[in-house]
Asks: 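Questions regarding the structure given below will be posed in turn.
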Amino acid sequence: MNSQLNRRDFLKLAGLLPLSLSAPRLLRTLDASQQIQGKQKNVVVIIFDAFSAYDISLYGFPRETTPNINRLAKRAVVYHNHFAGGNFTTPGAGSLLTGVLPWTHRAFNHNQRVVDPFVKNNVFSAFKDYYRISYTHNGFANTLLKQFHEHIDEPIAREAFFLESLDTFISTLFKNDDDIASISWLRSMRVQENGGYAYSLFLSHLYESIQEKRIEDLKQIFPRGIPTTGADYGYLLETAIDAVATRLSEIPQPFFGYFHFMPPHHPYRTPLEFFNAFKDDGFKDVEKPVDALVRQVVRNLPMKRTEYDEFILYCDREFGRFYDELESSGLLENTWLVLTSDHSEMFERGFAGHGSKLLYQPVVRIPLLIFEPGQETGIDIHEYTSAVDVLPTLSHVTGHSVPDWGEGAVLPPYATTPPDSDRNIYVVQAIDNLPNAPLTEASITLTKERYKLHYYFGYPEAQNGELAKLFDIQSDPDELVDLYSSKRGIALELLDELKRKLKEVNEPYL
Ligand SMILES: [Zn+2]
């Protein structure tokens with residue numbers, strides 16, 4: 001009978017995983033007094049990795065990439081000028097999760113961790129009276145989440161929703177004894193052995209053959225290849241979406257969930273349904289000159305961007321299913337739903353992707369949508385906002401005190417005071433700096449009112465060790481006209497402000 005398993009059964013099977021993972025933690029469950037059903041609202045934060053606001057139709061992109069996210073936008077607060085903390089996963093997700101910029105949390109390079117104070121002070125500790133659950137496909141985000149495990153009741157193991165995960169996962173279990181998620185999985189497997197459910201199916205040869213057959217089938221469904229996290233695992237976004245939606249209907253409330261999914265991160269492998277959806281559609285990118293800080297010029301940028309946009313359709317479809325599931329289960333009536341990203345993606349000036357020295361708008365401007373339970377109309381916010389604002393905002397709207405360690409502000413329209421029009425929004429890329437030393441080589445932008453100052457220093461390509469540019473991002477959103485010389489007064493004023501800030505953040509490390 002098992003050889004007859006279809007896609008639905010397969011996904012259901014995969015969906016069983018989080019239940020078994022979390023079983024031991026549920027056994028030592030929250031006090032009854034902590035289960036304040038209905039009083040405090042749940043919070044769900046959804047991250048699509050490397051999701052650029054520039055490629056989202058609701059932010060004005062001419063391609064219809066987000067029909068389902070648009071449905072949420074009609075009932076949510078939509079932030080139109082929202083900035084990531086950095087330009088790749090570690091600094092970007094670090095800022096979202098800790099509420100401070102990279103020069104404070106110090107996770108500068110791939111797979112680095114945040115410094116000590118933030119192991120205690122993070123979005124999960126801010127929700128300590130909630131049942132906290134997390135998942136990510138992304139290994140770098142997982143490194144950060146592992147740091148916060150003490151504050152997460154149910155950290156779903158990263159490997160839980162990968163296609164090839166079973167063998168690898170079981171074998172790594174015994175090597176990673178410090179991995180709490182793996183330990184809870186192991187315990188739950190023991191529970192099953194003592195007369196539980198039919199989880200032995202996972203360990204059977206039969207399952208392996210089903211899986212192999214499935215991967216052959218999947219190759220037909222994904223013409224550009226099965227989505228992977230890069231070097232390691234293949235995954236289906238559907239598996240994680242289904243499992244998370246199911247799990248949320250089972251866990252104690254109020255809950256705080258952080259779910260960080262890989263797409264539309266490279267490689268851009270959309271399913272057949274969206275394959276070639278934007279091919280030859282007449283869309284033309286604005287031509288931009290190759291930047292002096294780009295070492296190796298990438299060709300075929302329009303083609304790469306088209307594949308990225310087609311991959312966004314996959315995120316959007318799956319987000320739509322998740323949203324509908326929350327609505328039909330009734331959870332949406334009691335749940336704040338947040339959609340955002342850790343950083344975005346650029347296809348211009350000779351560069352494709354993220355994590356370079358460049359901080360142009362397409363790689364730092366991310367989506368942010370916040371849905372409040374019961375909200376029926378959309379609200380547009382055009383003020384400049386930052387990833388570090390999400391933590392204080394979610395604290396505030398759920399009746400928690402706003403943590404005093406954060407660098408952000410409670411966002412409009414939830415703040416009780418009007419937004420500070422004089423506010424400085426920084427983005428920090430300092431990949432080659434040591435966490436415990438002052439910044440000596442970095443890219444930083446300061447955005448204020450209509451101007452955005454780019455400041456690059458310590459790079460061999462920069463003349464005299466530094467390079468600055470100024471753009472009026474209101475009249476020139478494509479950042480094509482450098483005003484550094486013609487608006488010298490403003491440029492120097494902003495540069496002075498930025499350098500003073502840099503001095504301040506370097507102070508503890510001198
Ligand atoms: Zn990322």
Side-chain angles (χ1 to χ4, degrees), residues 45-56 82-102 105-114 122-123 134-148 158 161-162 227-235 237 240-241 258-270 304-305 307-309 311-312 314-316 318-319 338-347 351-369 386-388 390-391 427-431 443:
V45 179
I46 300 291
I47 307 296
F48 285 119
D49 203 295
F51 196 13
S52 178
Y54 269 60
D55 290 60
I56 296 178
H82 189 60
F83 289 83
N87 73 352
F88 64 98
T89 301
T90 297
S95 287
L96 181 65
L97 291 167
T98 61
V100 299
L101 288 165
H105 67 60
R106 315 296 289 185
F108 296 132
N109 208 332
H110 296 293
N111 226 23
Q112 272 179 351
R113 292 150 190 259
V114 297
N122 53 66
V123 74
S134 69
Y135 177 71
T136 184
H137 289 117
N138 182 317
F140 301 143
N142 198 44
T143 297
L144 297 172
L145 290 179
K146 276 187 183 179
Q147 278 195 279
F148 309 142
R158 178 177 173 241
F161 306 138
F162 291 142
T228 68
T229 59
D232 47 10
Y233 299 106
Y235 67 85
L237 180 56
I241 290 282
Y258 177 86
F259 304 107
H260 184 143
F261 303 118
M262 202 69 186
H265 190 286
H266 188 269
Y268 317 128
R269 296 177 172 174
T270 208
K304 288 187 166 65
R305 188 173 187 185
E307 292 184 0
Y308 172 74
D309 293 338
F311 205 28
I312 290 176
Y314 182 47
C315 299
D316 177 74
E318 289 307 304
F319 179 80
V338 178
L339 175 66
T340 186
S341 188
D342 52 348
H343 55 86
S344 44
E345 196 83 331
M346 63 183 276
F347 302 89
F351 182 79
H354 55 268
S356 75
K357 292 167 184 165
L358 306 177
L359 295 177
Y360 289 101
Q361 292 289 78
V363 78
V364 297
R365 219 188 111 213
I366 52 176
L368 176 64
L369 282 80
S386 163
V388 297
V390 173
L391 194 163
V427 181
V428 180
Q429 151 69 309
I431 189 165
S443 309

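Order of listing sets the numbers, starting from 1, for every ligand and every atom in it. Side chains are part of it too, since the values below use all heavy atoms of this structure and drop only hydrogens, waters and symmetry mates.
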Asks: Could you check whether any side-chain N or O of N87 sits under 3.5 Å from a backbone N or O of L358, counting only pairs where one atom can act as donor and the other as acceptor?
Replies: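 Side chain of N87 to backbone of L358, a donor-acceptor pair under 3.5 Å: yes, one is there.
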
Asks: Closer than 2.8 Å to the Zn ion (ligand 1), do we get an N, O or S atom from T89, backbone or side chain?
Replies: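 Within the cut-off used here (under 2.8 Å), T89 does place an N, O or S atom near the Zn ion (ligand 1).
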
Asks: Can an N, O or S atom be found in H265 less than 2.8 Å away from the Zn ion (ligand 1)?
Replies: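 Looking at H265, which is the residue asked about, there is no N, O or S atom under 2.8 Å from the Zn ion (ligand 1).
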
Asks: Quick check against the 3.5 Å criterion: does S341 have a side-chain atom that pairs as donor or acceptor with the backbone of F48?
Replies: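 Answer holds: yes.
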
Asks: With the Zn ion (ligand 1) at the centre, find the angle made by OD2 from D49 and OD2 from D342, to 10°.
Replies: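 Rounded to 10°, it measures 70°.
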
Asks: Mark yes or no for whether Y314, through its side chain, and L237, through its backbone, hold a donor-acceptor pair below 3.5 Å.
Replies: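 Yes: the side chain of Y314 pairs with the backbone of L237.
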
Asks: Can any side-chain N or O of T340 pair as donor or acceptor with the backbone N or O of I47 at less than 3.5 Å?
Replies: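 Not a single qualifying donor-acceptor pair exists.
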
